[in-house]
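The structure appears below as structure tokens.
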Amino acid sequence: MVLPIEAALAPRGRGVPRLHRRPLWRAAGILQDLPEWTGTAGALVFLSATIFYALAVGGYARTVSESLTSAAGFEIEAVKLSGQRETTEFEILEALEIEQGTSLALFDASAARERLARIPWIETVSVQKLYPGTLQVRIDEREAFALWQRGNSLSVIDAKGQVISDDVDGRYANLLMLVGHGAQYRGAEILAALEKVPELRARVRAARLVSDRRWDLLLENGLTVRLPETDVGRALSDLVRMDADNGLLTRDITVVDIRLPDRVVVRMSDEAIERRNAETKSRGAKRSGGNA
């Protein structure tokens, strides 16, 4: 029998059925075995969810989470670094973006690796969490292979010709300087040839790529050696032998041209030419005076 709502609310009297007022969930026989504090706990859960939602909408959820996990003992208290030589600790810590109270549990190690990988000297990097409060960073740096000059710009490059840094100082003084566009990608070939003649390599300051075909060597005393396009190893061996025999590379000359296999062409310095001309005039004057 279905009673209208008015009958259910009417006062008790003769001929009017009595309505037992019981909680709906108990009247339905639902959750009858739950303890009395269930309602309070549910209210607290609902309130907590409401607060968290409000914090998330307001952009404070991560801040609160950071504070809670840090307070629980998961604050980053130490950073262990290894493998860095050229990269400074400041650069690494700046890329990690760690602040006071940063939680290790919520720290995004993947994003930190991406930021660290953008540092020019770093080739590979790993970032690991060591609970409860340590971050471990292992770095493999790129090797400084040579210097690369193009115009007024000078950079440190790796073996692949990629620029590592434009901050060049005395630490890289022993690196070979590659001069010209395209030279950075072909530096390995000329360095390999020079390594076979170490007595010459120590005297070479730079190697200039000419027309993307061959190399000129610039020695520390200002002498230029013009190399052939092919058979560079043979040409360098001949150069070292001639220098050992007659001190070719220490003479008063500015250019040694060994591009042709059957001859060596040298260019004297202006001072040497002037001295030779003066000596020639002097000898001519003596002969003229003697004939008189």
Side-chain angles (χ1 to χ4, degrees), residues 144-157 161 166 168-291:
F145 178 73
L147 301 178
W148 176 39
Q149 180 180 349
R150 63 280 188 210
N152 295 324
S153 299
L154 185 64
S155 305
V156 181
I157 62 173
D166 294 327
V168 180
D169 54 36
R171 292 174 295 173
Y172 314 110
N174 292 329
L175 296 179
L176 180 66
M177 183 185 300
L178 305 174
V179 182
H181 290 282
Q184 74 275 26
Y185 300 122
R186 297 181 55 182
E189 64 184 57
I190 188 62
L191 269 170
L194 286 171
E195 291 300 328
K196 296 178 180 179
V197 285
E199 59 270 54
L200 178 62
R201 168 65 186 94
R203 302 163 69 176
V204 177
R205 181 174 59 86
R208 179 174 56 218
L209 186 63
V210 180
S211 301
D212 202 27
R213 295 183 296 107
R214 63 171 195 84
W215 295 93
D216 281 351
L217 301 181
L218 309 178
L219 274 57
E220 58 186 2
N221 62 355
L223 179 65
T224 298
V225 178
R226 295 176 178 174
L227 298 177
E229 291 185 45
T230 60
D231 207 5
V232 173
R234 186 271 314 161
L236 291 175
S237 297
D238 290 346
L239 183 66
V240 170
R241 176 178 51 78
M242 288 184 288
D243 183 57
D245 291 344
N246 53 42
L248 176 64
L249 301 180
T250 58
R251 292 189 177 185
D252 200 359
I253 55 179
T254 59
V255 177
V256 176
D257 191 339
I258 53 176
R259 287 178 292 177
L260 299 177
D262 58 344
R263 72 189 67 177
V264 177
V265 179
V266 300
R267 177 186 299 170
M268 299 178 65
S269 65
D270 293 338
E271 292 80 4
I273 294 174
E274 290 178 1
R275 285 197 301 269
R276 188 179 66 174
N277 291 338
E279 290 172 359
T280 300
K281 290 180 180 180
S282 177
R283 286 195 297 268
K286 289 180 180 181
R287 283 197 293 268
S288 298
N291 293 333

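Side chains are part of it too, since the values below use all heavy atoms of this structure and drop only hydrogens, waters and symmetry mates.
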* Asked: Can you tell me if Arg234 uses its side chain to pair, donor with acceptor, with the backbone of Ser237 under 3.5 Å?
  -> no
Donor-acceptor pair, side chain of Trp215 and main chain of Val232, under 3.5 angstrom: no
Would the distance check show the side chain of Asp216 and the main-chain N or O of Ala206 forming a donor-acceptor pair, the cut-off being under 3.5 Å? no
Closest non-hydrogen atoms of Leu200 and Leu194, given as atom of the first, atom of the second and distance, are CD2-CD2, 4.3 Å
Hits for side chain to side chain contact (heavy atoms under 4.5 Å, CB included) against Asp169, two or more places apart or cross-chain, chain-then-number order -> Arg171, Tyr172
Taking the side chain from Asp257 and the backbone from Val265, do they hold a donor-acceptor pair closer than 3.5 Å?
no
Quick note, salt bridge (Lys or Arg N to Asp or Glu O under 4.0 Å) partners involving residues 183-193, not counting sequence neighbours, are Arg186-Glu189, Arg186-Asp212
The side chain to side chain contact (heavy atoms under 4.5 Å, CB included) partners of Leu154 (sequence neighbours excluded) come to Leu147, Gln149, Val168, Met177
Between the CG atom in Asp252 and the CD atom in Glu271, the distance rounded to the nearest 0.5 Å is 6.5 Å
**Study point:** Salt bridge flag under 4.0 Å for residues Arg213 and Glu229
**Key:** yes
Across all chains, not counting sequence neighbours, the side chain to side chain contact (heavy atoms under 4.5 Å, CB included) partners of Asn246 are Leu248, Arg251
Output for pair (Phe145 CZ, Leu176 CG), nearest 0.5 Å, gives 8.0 Å
Tightest non-hydrogen contact, residues Ile253 and Leu223, listed as O-CD1, 3.5 Å
Heavy atoms from other residues, nucleotides or ligands near CG of Asp262 exceed 12 (cutoff 6.0 Å) = yes
Pairwise side-chain contact, Leu239 with Leu249, heavy-atom cut-off 4.5 Å (strictly under): yes
Residue pairs passing the salt bridge (Lys or Arg N to Asp or Glu O under 4.0 Å) test with at least one member in residues 172-182, sequence neighbours excluded, are none
**Study point:** side-chain contact (heavy atoms from CB on, under 4.5 Å) evaluation trace for Val225 with Leu219
**Key:** CA-CA 8 Å; Val225 178; Leu219 274 57; 3.9 Å; yes
Is a side-chain donor or acceptor of Thr254 paired with a backbone partner of Arg267 at a separation under 3.5 angstrom?
yes
Could you tell me if the side chain of Leu236 sits less than 4.5 Å from the side chain of Lys196, heavy atoms only? no
Taken in chain and number order and not counting sequence neighbours, the residues that satisfy side chain to side chain contact (heavy atoms under 4.5 Å, CB included) with Val264 are Met242, Val256, Ile258, Val266
| Just checking, any donor-acceptor pair under 3.5 angstrom between side chains of Arg150 and Ser155? | yes
For Ile157 and Gln184, the nearest pair of non-hydrogen atoms, with its separation, is CD1-CB, 3.7 Å
To the nearest 0.5 Å, atom CZ of Arg201 lies from atom CG of Asn174 at 8.0 Å
Rounded to the nearest 0.5 Å, the CG atom of Leu209 sits from the CD1 atom of Ile190 at a distance of 9.5 Å
Value for CZ (Arg203) from CG (Leu218), rounded to nearest 0.5 Å, stands at 14.0 Å
request  = Dump the intermediate steps for side-chain contact (heavy atoms from CB on, under 4.5 Å) on Glu199 and Asp243, then the final yes or no.
outcome  = CA-CA 10 Å; Glu199 59 270 54; Asp243 183 57; over 6 Å; no
